Amino acid sequence: MPMINSAILTKTFPPPQIDRSEILRYAGVENTTPEIENLIDECLLLIGDKLTYKVCYGNFPLAFSEDEVNLSFTMAKSEKLKANLCGCRSFILFAATIGLEIDRMIALYGKTSPAKGHMLQAIGAERIEGLCDAFNQYIAEEYGYTKPRFSPGYGDLPLEIQKDFFRALEPSRRIGLTLNESMLMTPSKSVTAIIGISDTKCENKKQNCNDCTKHNCSYRRTL
Amino acid sequence: MNIKEYLKDNFIYLDGGMGTLLQKEGLLPGELPERWNISHPDIITKIHRSYYDAGSNVVNTNTFGANLLKFSPKELDEIVKAAVTNAKRAKEESSAKGEKWIALDIGPSGRMLAPYGDFDFEDAVSLFAETVKLGAKYGVDLIFIETMNDSYETKAALLAAKENCDLPVFVSNAYGEDGKLMTGASPSAMVAMLEGMRADAIGINCSLGPKALIKVAEEYLEKSSLPVILKPNAGLPKVIGGETVYDVLPEEFSEDVATLMEKGIRIAGGCCGTTPEYISSLVKKSSNLSPSAITKKNITCVSSYTHAVEFKDSPILIGERINPTGKKRFKEALKCGDMDYILNEGICQQEKGVHIIDVNVGLPEIDEAKMLTDAVCRLQAVINIPLQIDTANVSAMESALRRYNGKAMINSVNGKKESMDAVFPLAAKYGGLIVALTLDENGIPKSAEERYAVAEKILVEAEKYGIDKKDIIFDPLTLTVSAEPDAAKETLSAVSMIKHKMGVHTSLGVSNVSFGLPHRDAINSTFFANAMASGLSAAIMNPYSAEMMKAYYAFRALNSFDENFSEYIAFSQTLTETVTITESKKESVSTSEQGSALQKAVIKGLCDQAAAITREMLESTKPLTIVQEEIIPALNIVGTGFENKTVYLPQLLMSAEAAKAAFEEIKKAMSSSNASDKCSIVIATVKGDVHDIGKNIVKLLLENYGFRVYDLGKDVPPEVIVEKASEVNAPIIGLSALMTTTVPAMEETIKLARKKLPNCKIIVGGAVLTQEYSDAIGADKYAKDAMEAVRYAEEINKKTCRFTHFASQLNFKQASVARD
């Protein structure tokens, strides 16, 4: 078990395996057709090798108090995060992005072909999630047992904590990821999250929607 | 000694990393290092001094993130003052013998500029300007803009430095493993833009170790006429046994950097992970090297935010379609602010393979400066080829050049003093490749020799502004051959003289030559071919003309610009492809089950087929019959399927696109542009919100159903929306918002609409909206998806159309009465 060192590292991943069922889920399709499959293929061809798969991250120590989680660079008032990180000594804070090119393509095809624009959105969502999964796996190999990732806006963790995440990671200069005034990120296909590191194996390891309170979400997985 | 003087005969050594050293001294993650200038001045001074002692000629102040986004004006002033004081103290205390300067360090803002982010370009300029002013006030020797990973932000910072001090400015960018900036710019593109804006030295820092930056460095050295900077990381950080370790050690680092100094790098230092040890090792390693001369590269080019386009022997195509001259539909689009029409012209031309797009939006009745700038900003959000700013209006030219993300082509200057006095200062400030017309106060000279003489005069004047002849491209003017039989010959001869005798590139707008003649394409393309043979470097032309494109590809094939004729063959396939493919696919559509072929094509979302079948049907069927009996029923089938969840959004959209393709054919066939009698709808994404995918979907569907949609785009202020609705007498306004933070802007818009247009119905939609939200902000209708918006619009249309018809007839009568 390595000692905790809060240096911020960056890593570029190879393109994750494409999961067409996830693309369909993000596109809002339950039963696919040859035309939809063609549309996916066309969009994947347009994307080609234009995406980058970059992550920057750091390993931070963790402490709990009465109603707060001490993330070492900030305090988080969140019961849900506290529950998520229960039993952890440290955590990984990371920011991941597949780059600005997908946003440009979505803007372009949003004008010329909304169907492609929509499908590119879905593929972008699948790609960034694929990157996060690959990163998760890498962390599990390097640091031991991991908890499901937890992002600002999940449960009761406020979006405003993005500001602290961005100060700690400086992802704008490391991977080109920036934060807007309204707490949205550019490039849009990006994720910031916390992954708890635990000494013991955790249940519920796979990313799922069970903990989320937004029950009417059209993307909610029914596992 | 002045650093620019010193640079002529010497290497300049920069400092190394600051952040890593501060962490060792106890800087915590998330803590702002700039505050340490005040809280730990001794530590900062010690680090600076150790760099001077190691042999650095320049140290950067500890002000990487010192800007008004992070600090109050008062604290910023204190921080910059303390930072400069620390550096000055280090300079005095250091015992090193070499020349020493202090650079004001400026790093990126951390915000993404619009259109992809929410940070306005001018706000970025002002942000950097404040820091620059403080640095100059407290006495730095130069400005060092570094680690910039976006070309647009780099431009903002350089502009701020140039506008707010007279100090030398060094500009350094951070490249990724793919050899590009995070937002896509290649080294050549950055060199083109930064040289044009007259940085004093340009180069590369951060991101990677020296070996990984060799290619980028070599591209800089090949393209740049300015001294090149190299300030790499000590490789990549790794955590080994709880320690942060960089994987390139001083020995290897200095070896690698010294090798690149031998190849031409003139300004060198280190970035993240490097320490004074790295710098002293580098100084030692390179002590026996002599600095190579900085040579002028004589590259004629323009650039976009991704790449540079160089003018060499193979001709460059400049698309001419964004220009209202002689185009009724384009003028109408300009007048009603239909930006999508203009964007589509840009997108289509890019798809046709032009290298540059001319942008001319001049009309007497519009605010050209605003329109041109808007067009440039929106075009560069969706297309990645360079733009040619085409205007006679100097203030429009300046405001468009300022906002352009790259080195633009400037169209145009001419030999009149007034024109040169106005255009050359702009080119000197913003950079650009200037198209110079060979005419002057005496008009267009008749002979090639006289036009050549005007060209010479223009070059002399340009030199006074420091504009090199590589940044000028002459247009010796195409005249109408039917009016003047020798015109073409004189123009061609001028092209040849300017290219071969003067050694300057040329450009022509070719289409003028055929004016008044039948089959203009034949004359144009032959003239184009002749001009290319005479040495023409670029043509402003119509890329939709097959004859012109044939001439271009054939010329390249014949002059060994096209290896294995692969481009020619690919192009020739596009000439026949459209017919055969539609034939075969049409068959597969029409043979399937029941329903008409057109309905099937729309339902399946097959654009080409829908268009082809419609074209065929139009020969025997009335346009409105096709709409009412084929397209609308097909759309209804898909729409109902969507509502019943048997058809999904991608299919709905594909059908809508196919229907649109069919409508395009129908519009072409109809004499009157008003194919529908449905009402107008104004739609927009509200102020502060930049998401428009959903809104675009709603627009597409509404248009399918025959509504006249005025799409005002995104981030639209309430008064603009309401004004438009009032102007076009729209009974419906559609508003979209994605973020909770912009719902108040939606509410504000609704309030204003209620006040000004009490009868107008308002539909709202977007990711964050719910029925409750919608009720709370007083909308008439919450549409959960595009189909629901269409259904509601149909409902309102039924109620109001009789009234609007009546009203418009009334208006007509009133107008005729007034005329009488």
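Computed from a predicted structure; not experimentally measured. In what follows, every chain begins at residue 1, and chains take the letters A, B, ... in the order their sequences are listed.
- Enclosure of atom NZ in B:Lys180 is not indicated, since only 12 or fewer non-hydrogen atoms of other residues, nucleotides or ligands lie within 6.0 angstrom.
- Neither the backbone nor the side chain of B:Cys348 comes within contact range of chain A; no heavy atoms are under 4.5 Å apart.
- Using a 4.5 Å heavy-atom cutoff, the side chains of B:Leu32 and A:Arg167 are in contact.
- A:Arg173 is listed as a side-chain neighbour of B:Cys272, based on a closest heavy-atom distance under 4.5 Å.
- The closest donor-acceptor contact from the side chain of B:Asp118 to the backbone of A:Glu181 lies under 3.5 Å.
- To the nearest 0.5 angstrom, B:Lys238 atom NZ is 10.0 Å from A:Leu9 atom CG.
- Here the side chain of A:Asn31 pairs no donor or acceptor atom with the backbone of B:Thr646 at under 3.5 angstrom.
- A:Glu37 CD: more than 12 foreign heavy atoms inside a 6.0 Å radius.
- Ranked by heavy-atom pairs under 4.5 Å with chain A, the list B:Met654, B:Glu31, B:Lys699 is led by B:Met654.
- With a threshold of 4.5 angstrom between heavy atoms, B:Glu657 approaches chain A through side-chain atoms but not through N, CA, C or O.
- Note that the CG atom of A:Asp103 and the OG1 atom of B:Thr183 stand 12.0 Å from one another [nearest 0.5 Å].
- Using a 4.5 Å cut-off between heavy atoms, A:Thr12 touches chain B through its side chain atoms alone.
- Taking every heavy atom of both residues into account, A:Ala115 and B:Pro650 meet most closely at CB-O, 4.1 Å.
- Of the two parts of A:Lys116, only the backbone, made up of N, CA, C and O, holds a non-hydrogen atom closer than 4.5 Å to a non-hydrogen atom of chain B.
- Options A:Gly110, A:Ser113, A:Ala27 differ in how many heavy-atom pairs under 4.5 Å they form with chain B, and the most are formed by A:Ser113.
- Remark: B:Arg111 CZ to A:Leu179 CG distance equals 8.0 Å, nearest 0.5 Å.
- Proximity to chain A (any heavy atom under 4.5 Å) is restricted, for B:Tyr305, to the side chain, taken from C-beta onward.
- With chain B as partner, the option from A:Gly117, A:Pro187, A:Gly28 having the largest number of non-hydrogen pairs under 4.5 angstrom is A:Gly28.
- Considering all non-hydrogen atoms of both residues, B:Thr244 and A:Ala7 come closest at OG1-CB, 3.1 Å.
- Using a 4.5 Å heavy-atom threshold, the side chains of A:His118 and B:Asn696 count as separate.
- Interface residue B:Leu343: only side-chain heavy atoms are found under 4.5 Å from chain A.
- If you measure heavy-atom distances from B:Asp178 to chain A, the contacts under 4.5 Å come from the side chain alone.
- Only the side chain of A:Gln121 has a heavy atom closer than 4.5 Å to any heavy atom of chain B.
- Nearest heavy-atom pair, B:Gly117 versus A:Thr186, reported as atom, atom and distance to 0.1 Å: CA-OG1, 3.7 Å.
- If you measure heavy-atom distances from B:Lys645 to chain A, you find no contacts under 4.5 Å at all.
- Most heavy-atom pairs under 4.5 Å with chain B: of the set A:Met183, A:Met185, A:Glu30, this distinction falls to A:Glu30.
- Only the side chain of A:Thr52 comes within less than 4.5 Å of a heavy atom of chain B; its backbone N, CA, C and O stay farther away.
- B:Cys607 does not touch chain A: none of its heavy atoms, backbone or side chain, sits under 4.5 Å away.
- Here the straight-line distance linking atom OH of B:Tyr116 with atom CD1 of A:Ile106 works out to 9.5 Å at 0.5 Å rounding.
- The greatest number of non-hydrogen atom pairs below 4.5 Å with chain A, out of B:Ile697, B:Leu236, B:Leu700, B:Ile347, is found for B:Ile347.
- Only the side chain of A:Thr33 comes within contact range of chain B, with at least one heavy atom under 4.5 Å from a heavy atom of that chain.
- Of the inter-residue distances, the one linking A:Leu39 atom CG with B:Leu653 atom CG reads 9.0 Å to the nearest 0.5 angstrom.
- Looking at A:Lys111 and B:Asp340, their side chains come closer than 4.5 Å, going by heavy atoms from C-beta outward.
- When the shell of 6.0 Å around CG of B:Asn644 is examined, it contains more than 12 heavy atoms from other residues, nucleotides or ligands.
- Between chain B and the residues A:Thr112, A:Asn38, A:Thr74, the most heavy-atom pairs under 4.5 angstrom are made by A:Thr112.
- One distance of note links CG of A:Leu100 with CE of B:Met182; it measures 11.5 Å at 0.5 Å rounding.
- With a 4.5 angstrom heavy-atom cutoff, B:Leu69 does not touch chain A via any of its atoms.
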